[in-house]
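Everything below concerns the one structure shown next.
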Amino acid sequence: MALNFMTAEEAAQMINHNDTFGLSGFTAPGTPKAIIEEVAKRAEKEHEAGNEFKINVFTGASTNDHVDGILARTNTMGRRAPYQNTPDLRKRINSHDAHYNDRHLSEMAQEVRYGFYGDIDYAIIEAADVTPDGEVLLGTGLGNIPTYAAKAKKIFIELNEALPKTLYGMHDVVLLQDPPYRREIPIFTPSDRIGSPTLKIDMNKVVGVVKTNSLDGVKPFTEPDEVSKQIGSNVVNFLLSEYRRGRLPKEFLPLQSGVGNVANAVLYDLGESNELPKFRMYTEVVQDAVLELMKKEKCVFASTCSMTFSDETERELFSNLDFFHDKILMRPAEISNNPEVIRRLGVIAMNTALEADIFGGVNSTHVLGTRMMNGIGGSGDFTRNAYISIFSCPSVTKGGLISNIVPMVAHADHSEHSVDILVTDQGVADLRGKDPVQRAEEIITNCAHPLYKELLWDYLKLGKGGQTPHSLAAAFAFHTAFAEHGDMQKTDFSKYC
C-alpha cells in the first residue's frame with residue numbers, strides 16, 4: 001500500500017474539536033514533533049473566530065514542548081493523561097483549564113483497552129521507518145502506542161529522518177491480552193525478548209505520513225549539586241551495606257531509577273563503586289548516566305521504555321549503535337512498568353519524593369497538597385512491587401524555609417506500607433519491620449534537617465495515643481506556617497497543646 005505523504009498543516013486540517021489522540025513516546029523521546037504543533041496553530045485561529053477548539057491527549061508519560069507546551073499556551077488541551085511535566089500545562093491544570101487524570105503508567109494502556117476513556121480518534125506514531133505492509137520501526141520511546149494504534153480509528157505517522165534505521169532490533173513490542181485471557185509475561189531476566197522488533201499496524205487506518213527531521217530536544221541535566229551528590233552517596237552506601245550483609249544476592253539485582261539529578265547522581269556513584277558487581281536495569285527511562293556506565297561496562301544491560309538522552313548523548317548513541325545495540329531494549333510501558341515482572345525480577349526501586357512524613361508516607365505529586373507538580377508517573381508501579389523500595393528527597397528546600405520531612409504529607413501518593421527506605425542529604429532511614437513510632441524516631445533522627453528536628457520531636461509528643469499518634473489538629477501545621485509566613489520554621493505547636 002502506497003504511503004500518503006502530506007504536510008503537518010494538511011494533517012491538522014483533518015482534526016475536529018474534542019478529538020482524542022493517542023501519541024507514541026515516553027517522555028520527549030518518541031513523541032511526535034510536527035502535527036500537534038499545527039493543530040495548536042489551527043486552534044488559535046478557531047479561538048480568534050470565537051469557536052471552541054480543544055483536543056484530548058493520551059500518552060505514555062510526559063511529552064515535550066511540541067505537544068504539552070504549545071497545547072497549553074494556546075489553551076487547546078482538553079483532557080490529558082497519564083503524566084506531564086511541562087510548566088505551561090501545569091498552570092492550566094492547576095487553574096482547571098485542562099482536565100488532568102494522573103494515573104499509574106502501567107495501567108493507562110489497559111484502561112484504554114477496557115474502554116474507560118472512550119474512543120481514540122487518532123494515533124500519531126513517530127517512526128524511524130515504515131513499510132507499505134504496515135511494519136513500523138519505532139523511535140527512541142514506546143509508551144502506550146501499541147494499544148493506541150490498535151484502538152485508534154485513524155493513524156498518522158511522523159517519519160523522522162533523524163532516526164537511524166539501525167535502531168531495528170532494539171524494540172520489544174508486545175500487546176497484552178485482556179482479562180480473562182491474559183497469561184503470564186515470560187520475562188525472567190531483563191534481557192528476555194518476548195515480542196516483535198516492529199509495531200504492526202493496519203495500513204487501511206493510516207490517513208497520512210508527515211516527514212520530520214528532529215532529535216528529541218532533551219536538555220542535558222545540570223551537574224548534580226552538593227545536596228544531590230550527598231543523597232546519591234547515601235543511597236549507594238546503603239546498597240553497599242545491604243550487599244555486605246548478604247541481604248542482596250551476590251549477582252546483585254536489577255535497578256530502577258527515576259528521572260532527574262538525584263537519579264543521575266546515584267547512577268554515577270554506582271559506577272564508581274568497585275565493590276558492587278556489574279548490574280542490569282529494569283526501568284522505565286534510561287538517562288545519560290546509563291550510557292556512561294555502559295561504556296565503563298558497569299551497567300551491562302538496560303530494559304526500558306524510553307532512551308531519554310540529551311541531544312548530545314543521543315548523537316553519541318546513534319554514532320555507536322554497534323556497541324550499544326545489544327545492551328538496550330525498549331518495551332511498551334505496561335511491560336516496562338508491569339508489577340508482575342518487577343516483583344519477579346526483584347527490582348530495586350529508587351524514586352524521588354516532594355515530601356515525606358515522619359511515619360513513612362510520601363507525597364510525589366502535589367505542592368502543599370493542592371497544586372499538581374508533575375504526577376505519580378511510574379513510582380507506584382515500581383515501589384509497590386520492589387525488592388527494596390527507596391525514596392529520596394532533600395531534607396529542606398528554599399534555603400531551609402521548607403522542610404521536606406513533615407508531620408503528615410499534604411497529599412498521599414505512597415503510604416507507609418510501600419516505603420522501605422527514606423534517604424535525604426542528612427542520612428538514611430530504614431523503615432523495614434518498624435512500627436509507626438519507631439519509623440518516626442528513625443526518620444527524625446536520620447533524615448530531618450537540624451533546623452526542624454526539634455519541631456518534629458515536638459509534634460510526635462503531641463499525639464494522643466493510638467498506634468500512629470497523629471495530632472489531627474496539628475498534622476498540617478508545617479504547611480499552614482509556610483502558607484501564612486513563608487517559613488515552616490515559624491510553626492508554633494504550643495497552640496495545639
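As the structure is a computational prediction, the values presented were derived from the model and not from experiment.
- Sequence neighbours left out, the pairs with a member in residues 337-363 that pass ring-ring contact (aromatic ring centres under 6.0 Å, His included) are F359-H470.
- With rounding to the nearest 0.5 angstrom, the CG atom of L138 is 10.0 Å from the CG atom of L163.
- Of the N and O atoms on the side chains of T59 and R80, at least one donor lies less than 3.5 Å from an acceptor on the other residue.
- Screening L253, L293, L239 for a side-chain contact (heavy atoms from CB on, under 4.5 Å) with F279, the sole residue that qualifies is L293.
- The pair D88-R92 does not count as a salt bridge, with every side-chain nitrogen at least 4.0 angstrom from each carboxylate oxygen.
- If you check the side chains of T352 and S392, you find no donor sitting under 3.5 Å from an acceptor.
- Neither side chain, D425 nor N234, offers a donor N or O lying under 3.5 Å from an acceptor on the other.
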From CA spacing to verdict: ring pair (Phe, Tyr, Trp, His ring centres under 6.0 Å), F156, Y122: CA-CA 7 Å; F156 289 112; Y122 291 94; 5.2 Å; yes
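- Between E126 and N160, the side chains place a donor N or O and an acceptor N or O closer than 3.5 Å (distance only, hydrogens not considered).
- Shown here for A150 and L175, the closest heavy-atom pair between the two residues is CB-CD2, 4.1 Å.
- For the pair P32 and L23, the tightest heavy-atom approach, listed with the atom from each and the gap, is CD-CB, 4.1 Å.
- Each ring-ring contact (aromatic ring centres under 6.0 Å, His included) pair with one or both residues in residues 403-434, not counting sequence neighbours, appears once here: H366-H411, F391-H414.
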message: Determine whether R182 and E340 satisfy the following criterion, salt bridge (charged side-chain N to carboxylate O under 4.0 Å, His left out), listing intermediate values before the conclusion.
response: CA-CA 12 Å; R182 183 172 296 176; E340 171 195 334; over 6 Å; no
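- Note on R193 versus D172: no salt bridge recorded, every NZ/NE/NH1/NH2 to OD/OE distance being 4.0 Å or above.
- Side chains of N404 and S395: a donor-acceptor N/O pair is absent below 3.5 angstrom, by distance only.
- Heavy-atom minimum distance, D288 versus F309: OD1-CA, 3.3 Å.
- The pair D311-K219 does not meet the salt-bridge criterion, since no charged nitrogen lies less than 4.0 angstrom from a carboxylate oxygen.
- A distance of 8.5 Å separates OG of S336 from CZ of R331, quoted to the nearest 0.5 Å.
- Under 3.5 Å, the side chains of N351 and Q256 contain a donor-acceptor pair of N or O atoms.
- Remark: E111 engages R103 in a salt bridge, criterion side-chain N to carboxylate O under 4.0 Å.
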Salt bridge (charged side-chain N to carboxylate O under 4.0 Å, His left out) assessment of R439 paired with E442: CA-CA 5 Å; R439 289 197 297 267; E442 179 85 1; over 6 Å; no
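- The distance between the ring centers of Y452 and F478 falls below 6.0 angstrom.
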